Protein chains: 2
Amino acid sequence: MEDLSRFIENINHKTRLSPENMGRLMSAFQVVKVKRKQLLIQPGFVAKYRIYILKGAFHSYVIDDKGNEHTIQFAVEDWWLSDYNSYIHQTPATQFVEALENSIILQIDHQTEQELKDANLELATLFRLMAEHSAAYLARRIVSNLTQSAEERYNDFVAKYPKVVQRLPQYALASYLNMTREFLSKIRNDKVRKKVN
Amino acid sequence: MEDLSRFIENINHKTRLSPENMGRLMSAFQVVKVKRKQLLIQPGFVAKYRIYILKGAFHSYVIDDKGNEHTIQFAVEDWWLSDYNSYIHQTPATQFVEALENSIILQIDHQTEQELKDANLELATLFRLMAEHSAAYLARRIVSNLTQSAEERYNDFVAKYPKVVQRLPQYALASYLNMTREFLSKIRNDKVRKKVN
DNA sequence: TGTTTTTCTTAAGCTAGTTCATCGTTCTGA
DNA sequence: TCAGAACGATGAACTAGCTTAAGAAAAACA
């Protein structure tokens with residue numbers, strides 16, 4: 001049996017649910033084990049699930065016309081993840097969602113989520129807050145992309161998620177930060193050299 | 001009196017409201033006239049209003065450490081606008097929201113919106129859908145920034161919003177598309193030359 | 001445990017996009 | 001209606017970040 005205390009805390013941190021609603025919510029999710037490199041979402045298929053990570057790490061990415069991979073999003077323990085456009089609008093996905101480690105997730109399918117949203121005000125509020133927080137987070141990321149240099153974006157990411165950085169493959173972090181892996185390698189090693197001198 | 005038919009349509013397009021809820025929603029907004037160059041939101045102040053544009057055009061922008069202006073968002077007729085982080089979390093804004101033309105807007109203040117969200121499921125659903133659509137839109141923009149070249153971003157913008165382009169100052173569009181005004185000027189004129197040949 | 005595959009580093013050459021400076025044009029507000 | 005300010009075009013010099021290539025290190029897995 002998995003430990004769901006942090007999941008419950010995550011929900012309660014957004015809005016207080018009655019015991020009945022919390023129970024209803026909990027039973028709407030199913031626990032799934034996922035092997036490293038396994039794909040949860042693939043371009044062309046509609047994203048059926050919204051995912052919460054109990055253990056492990058994922059990234060979502062697209063592959064552009066030239067065949068280059070671009071990481072759109074990371075997620076580790078206690079983060080939510082999906083192909084947002086595909087899940088919300090129930091249209092074919094454009095992103096891959098892939099496990100970076102052997103992982104354990106909770107997933108809720110779109111239909112069930114819809115029923116919860118329509119069930120009562122408390123549950124509707126929960127999902128409204130999730131969407132609002134997502135939008136606010138994405139807006140901050142756009143500002144960062146428009147205003148910061150590659151090195152600043154890297155420094156900020158390290159400052160914000162020092163533990164996460166060590167678990168991510170460098171090529172995925174580089175493309176998430178909108179630079180090549182080679183350039184990220186250079187930034188990191190220039191930094192080390194400065195410290196030594 | 002302003003014509004609110006397109007506003008009503010905008011709402012109905014998201015979710016069907018009962019006549020009572022539509023009335024309640026409508027009376028929560030106030031009509032405001034705004035002069036060109038007037039600021040609706042300024043860094044340091046909490047964004048009090050969510051804005052719907054009846055007539056006119058706005059952009060939101062930040063000013064970075066070096067004093068450079070970066071347009072974050074445009075909005076014309078029938079678009080919604082605010083400093084999303086500031087409005088949702090009621091924290092001090094980081095963005096300016098400025099009228100590009102003499103405009104007429106509808107605005108709802110955060111407190112009133114909160115009351116509507118808490119009033120009943122139908123209104124809660126409306127605001128949930130607005131947040132979900134915002135998040136999905138922002139996610140698409142992030143993908144575009146990560147995968148496209150400057151010229152591709154420009155071409156896509158023109159293809160999507162051909163009418164809007166003509167109303168925007170070029171320097172604002174350039175920074176929205178994450179390039180300098182000079183480079184956008186070059187892209188445009190290279191394009192003209194190609195057509196001539 | 002060894003071998004295969006994936007990831008990371010380094011460096012040289014390159015280019016998409018920037019910076020700076022100047023000039024012509026178009027607003028705009030009094 | 002006109003003077004000042006804001007905006008856009010252009011070109012030359014520059015640079016942040018990319019490409020390519022090849023070897024070293026690390027991780028995966030049989």
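Nothing here was measured: the structure is a model prediction, and the numbers come from that model. Numbered from 1 within each chain, the chains take letters A, B, ... in sequence-line order.
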Provide, to the nearest angstrom, the distance between the [atom1] atom belonging to [X] and the [atom2] atom belonging to [N].
| X | N | atom1 | atom2 | value |
| --- | --- | --- | --- | --- |
| Glu182(B) | dG8(D) | CD | P | 11 Å |
| Gln166(B) | dT26(C) | CD | P | 16 Å |
| Met179(A) | dT15(C) | CE | C1' | 18 Å |
| Lys66(A) | dT19(D) | NZ | C1' | 11 Å |
| Lys186(B) | dG11(D) | NZ | P | 10 Å |
| Glu98(A) | dT6(C) | CD | C1' | 13 Å |
| Arg36(B) | dT26(C) | CZ | C1' | 12 Å |
| Leu177(B) | dA16(C) | CG | C1' | 15 Å |

Among side-chain atoms of Tyr154(B) and Arg188(B), is any donor-acceptor pair under 3.5 angstrom? yes

Consider only side-chain N and O atoms of Asn85(B) and Tyr137(A), and report whether a donor and an acceptor are under 3.5 Å apart. no

When all nucleic acid strands are considered with a 4.0 Å heavy-atom cut-off, which category describes Arg181(B): base, sugar-phosphate, or nothing? nothing

I want to confirm an ordering. Mapping Leu100(B) and Thr180(B) to their closest nucleotides on DNA chain C, which one lands closer to the 5' end? Thr180(B)

Taking the nucleotide of DNA chain C with the nearest heavy atom to each, does Phe183(A) or Arg153(B) sit closer to the 5' end? Phe183(A)

Given [options], the nucleotide with the shortest approach to the side chain of [X]:
| X | options | value |
| --- | --- | --- |
| Ser185(A) | dG8(D), dT9(C), dT19(C) | dT9(C) |
| Ala150(A) | dC20(C), dG17(D), dT9(C) | dG17(D) |
| Gln170(A) | dT20(D), dC8(C), dT18(C) | dC8(C) |
| Tyr171(A) | dT7(C), dG17(C), dT19(D) | dT7(C) |
| Ser149(A) | dA21(C), dG17(C), dG17(D) | dG17(D) |

Given that Ala172(B) and Lys37(A) both sit by DNA chain D, which one's nearest nucleotide is further toward the 5' end? Ala172(B)

According to ring-ring contact (aromatic ring centres under 6.0 Å, His included), who are the partners of Tyr61(B), at least two apart in sequence or on a separate chain? His59(B), Phe96(B)

By ring-ring contact (aromatic ring centres under 6.0 Å, His included), Tyr49(A) pairs with (sequence neighbours left out) none

Within a radius of less than 6.0 Å around CZ of Phe45(A), do more than 12 heavy atoms belonging to other residues, nucleotides or ligands occur? no

